[in-house]
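Okay, structure first, notes after.
One-based numbering, in listed order, for ligands and for the atoms of each.
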Amino acid sequence: MVPTAENQGHFDVVIVGGGPGGYAAALYGAAAGLQIALVEKDKVGGTCLHRGCIPAKELLETAHVYRTVTDSAKYGVVSSEPKLDFSTTMARKQEVIDQLFNGLSGLIKSRKITSYAGTGRLGAGRSVTVTGADGSSAEISGDVVILASGSVPRTIPGFEVDGRVVLTSDEVFELTELPARVAVIGGGAIGCEFASMMSDLGSEVTVLEALPQILPGVDKDVVSVILRSFKRRAIDVRTGVRVLGHTPGHTGTTIQLEGSDDLEVDAVIVSVGRKPLSDNLGLDGTGVTVDERGFVVVDQLCRTAAEGVFAIGDLVATPGLAHVGYAEAILVIKQLLGEPAVPVDYGKVAWCIYCHPEVAFVGLSEQAAVDAGYDVVTSKHRWMGNSRALIVGETEGLVKVIAEKGPDGAAGRILGVHMAGPWVTEQLGQGYLAVNWEATVPEVAHLIQPHPSLSENFGETVLSLTGRSLNS
Ligand code: NAD
């Protein structure tokens, strides 16, 4: 709806931002019968659908297909050498986005959610001014306002994004050709996904990470798997490096690094984290507070300091994951409905990184468990001994389970499940339930896994923590 004087109104809930946090709040609230206004300046779906999770995973799937075709001869399926048609790759990525966007837009309409096309700014008394691209505006208000304006890529000094040689995740999804040589600055989730995808599609990739380790916070055994795989695929991972700046040339650019030779590349992808979009929300004078990094300050129920104003998703300093935004949206709507609302346990959310091999984990890493004072016992099982992994042809990686050692020395509560390997992002569910249900090793070891299956590896890892196992 265009924001005009005729389109003013009062709603049960006004939501600013139509990404995963905002649209989940709208859909869940509307399903419960609430009158909802959803304000979005661009397209519903947000970063996740248009410039984040969905296009990244779609392009990683292209990389998977490419690897499969490259390796097909070992199955006796002989084909000619694969060739990448990048325009078709990007067109398919867009088709997936469009289909999901149409589905989401249809759901929003069918649930009678009032959509406002424009930028929302919070005012006094839970009012929101919506300004359209043409300058038209409407004043709407809600019993409650949910701020869900999301985040944008962080940049670093000396690497101004030009969309030509210096890119963030936003620009990568708009590329018209694959750069031959790429530097990825930042070896976090986004950096490792892009490094893996571009290398598999044929780029020469260098990862430049400031810290001593890529994938900070991830269990060291899992990081080792990724490092080994990246090395085997000639992805040059450099840790503890400081990038000083770059000098653009005719086509690419030359990056200056502290203490080592310059690096010539065709494109630089800056993936050094994301920053919240709180600047233009009109928060001054509303009582909503913002921390020094720009995150809106909330309590464990996502309540801001202003009565009736909530904030969720990447706008708040909780894990920047779409599914965390969903959980926070449901948490807020349940409070509005007067239903019991249990705060999100941020230490036990599922983390999935879709590089190759995939990474998935929940709960404490071994180091984090030790640091937290637990007496821990761990078990690791590699995929090499798993029949389905051999069949699938993907045996890199492992499953690692971290449990608390009981007073009798036996493995008790499961504290963390950390995996790298084939389809682990789809397999994490069991670990997620175990950690969040605070299940013990004997309880989970009692459960049966289908054979042959990849999930047997989790079962085996837990079984071996009982002191006996089948395959090790
Ligand atoms: P991140 O915080 O996960 O990683 C950023 C990395 O950049 C860190 O390793 C950091 O040490 C490094 N870094 C920072 N400044 C640097 C510099 N000047 N030079 C070199 N390295 C530098 O951030 P991200 O990977 O950009 O992801 C952003 C957000 O998106 C995160 O919240 C992430 O959880 C989320 N995300 C998640 C997934 C997933 O779970 N699959 C995928 C993509 C993004």
Side-chain angles (χ1 to χ4, degrees), residues 19-21 46-61 150-161 166-173 183-197 206-218 222-223 226-227 236-246 255-260 263 268-277 293-295 313-326 328 346 349-362 418-420 424-426 428 432:
T47 299
C48 168
L49 176 54
H50 300 284
R51 298 172 298 280
C53 326
I54 301 301
K57 269 83 263 186
E58 205 285 333
L59 294 179
L60 281 155
E61 193 54 31
S151 63
V152 288
R154 271 186 56 213
T155 51
I156 45 176
F159 287 86
E160 296 320 314
V161 177
V166 182
L167 320 168
T168 67
S169 50
D170 286 357
E171 290 77 28
V172 171
F173 299 123
V184 177
I185 302 181
I190 295 183
C192 284
E193 288 186 358
F194 280 146
S196 178
M197 181 267 285
T206 307
V207 178
L208 303 170
E209 166 60 51
L211 293 178
Q213 179 190 301
I214 59 164
L215 296 171
V218 177
V222 168
V223 175
I226 300 306
L227 283 174
D236 182 5
V237 176
R238 304 189 195 174
T239 53
V241 296
R242 197 159 157 246
V243 288
L244 302 173
H246 76 112
I255 301 176
Q256 288 88 41
L257 301 163
E258 191 178 69
S260 64
L263 178 66
V268 185
I269 300 174
V270 181
S271 51
V272 295
R274 299 182 62 86
K275 62 173 187 202
L277 264 179
R293 295 164 301 167
F295 290 106
D314 282 9
L315 186 60
V316 299
T318 57
L321 302 167
H323 45 283
V324 168
Y326 292 157
E328 291 169 341
Y346 295 109
V349 300
W351 288 88
C352 292
I353 304 171
Y354 300 74
C355 56
H356 175 71
E358 290 185 348
V359 169
F361 59 95
V362 58
H418 297 251
M419 306 170 151
V424 293
T425 57
E426 294 295 333
L428 186 64
Y432 178 79

| field | Heavy-atom donor-acceptor pair, His356 side chain to Met197 backbone, under 3.5 Å | value |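 Flag not set: sc His356 to bb Met197 has no pair under 3.5 Å.
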| query | Out of Val223, Ile214, Val218, which one pairs with Cys192 under the side chain to side chain contact (heavy atoms under 4.5 Å, CB included) rule? | reply | Ile214
| task | Go through the side-chain N and O atoms of Glu209 and Thr239 and say whether any donor and acceptor fall under 3.5 Å apart. | result | no
Are there any N/O pairs under 3.5 Å between ligand 1 and the protein, and if so, what are their distances?
unit_1   : atom_1 : unit_2 : atom_2 : d
ligand 1 : 9 (O)  : Glu209 : OE1    : 2.6
ligand 1 : 9 (O)  : Glu209 : OE2    : 3.3
ligand 1 : 11 (O) : Glu209 : OE2    : 2.6
ligand 1 : 21 (N) : Ala210 : N      : 3.1
ligand 1 : 23 (O) : Gly273 : N      : 3.4
ligand 1 : 25 (O) : Ala189 : N      : 3.2
ligand 1 : 25 (O) : Ile190 : N      : 2.9
ligand 1 : 26 (O) : Gly273 : N      : 2.9
ligand 1 : 40 (O) : Cys352 : O      : 2.8
ligand 1 : 41 (N) : Glu193 : OE2    : 2.9
ligand 1 : 41 (N) : Cys352 : O      : 2.4

| request: Evaluate the ring pair (Phe, Tyr, Trp, His ring centres under 6.0 Å) criterion for residues Tyr432 and Phe361: first the C-alpha distance (whole Å), next the side-chain angles of each, then the deciding distance (0.1 Å), finally the verdict. | output: CA-CA 8 Å; Tyr432 178 79; Phe361 59 95; over 10 Å; no
| query | Got a sec, which residues hit side-chain contact (heavy atoms from CB on, under 4.5 Å) with Leu263, two or more places apart in sequence or on another chain? | reply | Ala183, Thr206, Leu208, Arg238, Ile255, Leu257, Val265
| said: Please determine whether the number of non-hydrogen atoms from other residues, nucleotides or ligands lying under 6.0 Å from atom NZ of Lys57 exceeds 12. | reply: yes
